[in-house]
Amino acid sequence: MAGPLRILSLSDGRGSLHMATDVALLHLAPVTTLRFYVWNPPAVSLGWFQQEDTNLAQYRALGYDIVRRPTGGGAVAHHHELTYAFITSTSHPMFEGLDTTESYDVIHRPIIEALESLGIHVMSPHDAPPPTGGPSGPLLCFDRTASVDLLINGRKVVGSAQRRITDRLLQHGSIILKTNAIQSDSGSLTSALGASPSVPLLVELMTDAFARSFGGAQPGCLSIEEVALACDIESRFVVR
Amino acid sequence: MPRPANLRYLKSHEWCKLEGNIATIGISDYAVSHLSDLVFLDLPEVKTDTMRGEPFGEIESVKAVSDLYAPMTGEIIERNERLQAELELLGKDPFGDGWMLRIRVEKPSEWDSLLDDGAYQKIIDAESH
């Protein structure tokens, strides 16, 4: 996966196709790739190993799709958020030899830089309180904190998770713009700033920060093969 | 942690021990230390098949799900039921009580193409430099 960072333009669509696209990129992306997306309609994503529970009917009644993420962790309600997905090789010079937690740090660094350019202080996992939750913890991911979450004012605002195959990794994560009907107690950029930054501004700040971290970036688009694979596997991520 | 001398490996850090036509499979101490904070392990059912180089299971740590790859092709004859409830065995004894599957191998010649301990150490050294 040599060459400059490929940055895909902001995508707006259903959650199952977003998840399938992230996995298609994990398998096929020829270069390190960053994409951004928003969820339309809103959706609740379940972690790969997470059990379905009775609240799902309630979420559906609120207008949320239910999808399966290819990554670990708990359920996330995706509404009023910007999601990023970053795909690279574990043999990339910035990731070679890193353990899982360290690889989160490398990808979080430009995210922290972008958010702090808005004038807010982001707590990295290393200066945050001890994690809460775990496999038997709350269903919703933003009701718990993990050692790899980013906090603002002590509340989780960026939650990320990974999927790894052979020598490649996908990390995707939610940046909460404002609370939603399901995660009403989570932190958000709105609560930190008094108003939500626009999605295009956030994408621009993050694009610039990732380009600085990874030695440059080029705009790109999905290949025909990546789109075809995403369409082929989308049904794997639908929860009926 | 010293590694048993009679094991062979995949580059993706799965180990394999061959006794007759029965192979025991697990993941190395290096893999366990890099995954850290394991929370869930999914292993396939007995009487299903593994295919050399193809995923046979998944493991979750710090919200990261990783595929596990089969070193050899064969039929699963036993899986470590204790391990799924006691993931800490992977940290305590990855080459012993932390074994994952036993398979009846179909292609014994696949053993020859697995990494011996020296070649596997070079993989670790390259990743750690």
Side-chain angles (χ1 to χ4, degrees), chain A residues 19 22-23 26-27 45-51 68-76 89-93 95-105 107 125 131 133-137 141 144-149 156 158-174, chain B residues 1 9-14 27-44 50-71 83-88 90-91 94 100 113-115 120-129:
Chain A
M19 297 300 94
D22 286 354
V23 170
L26 175 62
H27 285 271
S45 70
L46 304 176
W48 187 247
F49 288 121
Q50 197 173 17
Q51 299 289 318
R68 179 71 65 184
R69 285 198 317 278
T71 49
V76 179
S89 165
T90 52
S91 58
H92 184 290
F95 292 91
E96 194 168 23
L98 300 187
D99 67 24
T100 305
T101 304
E102 291 166 337
S103 67
Y104 278 101
D105 290 344
I107 300 168
S136 58
C141 190
R144 33 171 146 166
T145 59
S147 60
V148 293
D149 295 326
K156 183 172 173 178
V158 179
S160 302
Q162 292 189 357
R163 177 84 196 197
R164 288 166 169 258
I165 59 166
T166 52
D167 62 346
R168 288 167 165 251
L169 76 85
L170 155 71
Q171 179 172 316
H172 58 194
S174 301
Chain B
M1 178 180 291
Y9 301 86
L10 285 179
K11 189 182 172 188
S12 48
H13 305 292
E14 291 82 4
I27 60 173
S28 73
D29 57 336
Y30 179 84
V32 173
S33 68
H34 270 60
L35 289 166
S36 73
D37 298 332
L38 301 172
V39 294
F40 198 90
L41 172 68
D42 184 38
L43 294 176
T50 60
M51 292 283 290
R52 158 75 189 257
E54 295 295 317
F56 69 79
E58 297 168 323
I59 193 162
E60 179 174 340
S61 65
V62 284
K63 298 198 290 180
V65 177
S66 301
D67 283 349
L68 303 168
Y69 294 89
L83 185 58
Q84 301 199 74
E86 297 179 58
L87 279 174
E88 62 272 20
L90 279 171
M100 292 180 172
S113 58
L114 294 172
L115 301 169
Y120 180 59
Q121 184 59 48
K122 286 180 182 168
I123 297 288
I124 293 175
D125 292 343
E127 288 192 9
S128 305
H129 73 73

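Throughout, a chain's letter reflects where its sequence line sits, starting with A, and its residues are numbered from 1. Just so you know, these numbers come straight off a predicted model, no measurement behind them.
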Original post:
Which one, A/Leu169, A/Ile165, A/Leu170, A/Asp167, leads in non-hydrogen pairs under 4.5 Å with chain B?
Top reply: A/Ile165
Subject >> Pairing residues for B/Asp42 by the salt bridge (Lys or Arg N to Asp or Glu O under 4.0 Å) criterion, not counting sequence neighbours >> reply: none
Original post:
So, do B/Tyr9 and B/His13 have ring centers that fall under 6.0 Å from each other?
Top reply: no
Original post:
Cation-pi between A/Arg163 and A/Trp48: NZ/CZ under 6.0 Å from ring centre and within 45° of the ring axis?
Top reply: yes
**OP:** Check each atom of A/Ser91 against the heavy atoms of chain B and say whether the ones under 4.5 Å are side chain, backbone, both or neither.
**Re:** neither
Subject >> Any residue meeting salt bridge (Lys or Arg N to Asp or Glu O under 4.0 Å) with B/Glu88, in chain and number order, not counting sequence neighbours >> reply: none
Original post:
At a heavy-atom separation under 4.5 Å, does A/Leu98 approach chain B through its side chain, its backbone, both, or neither?
Top reply: backbone
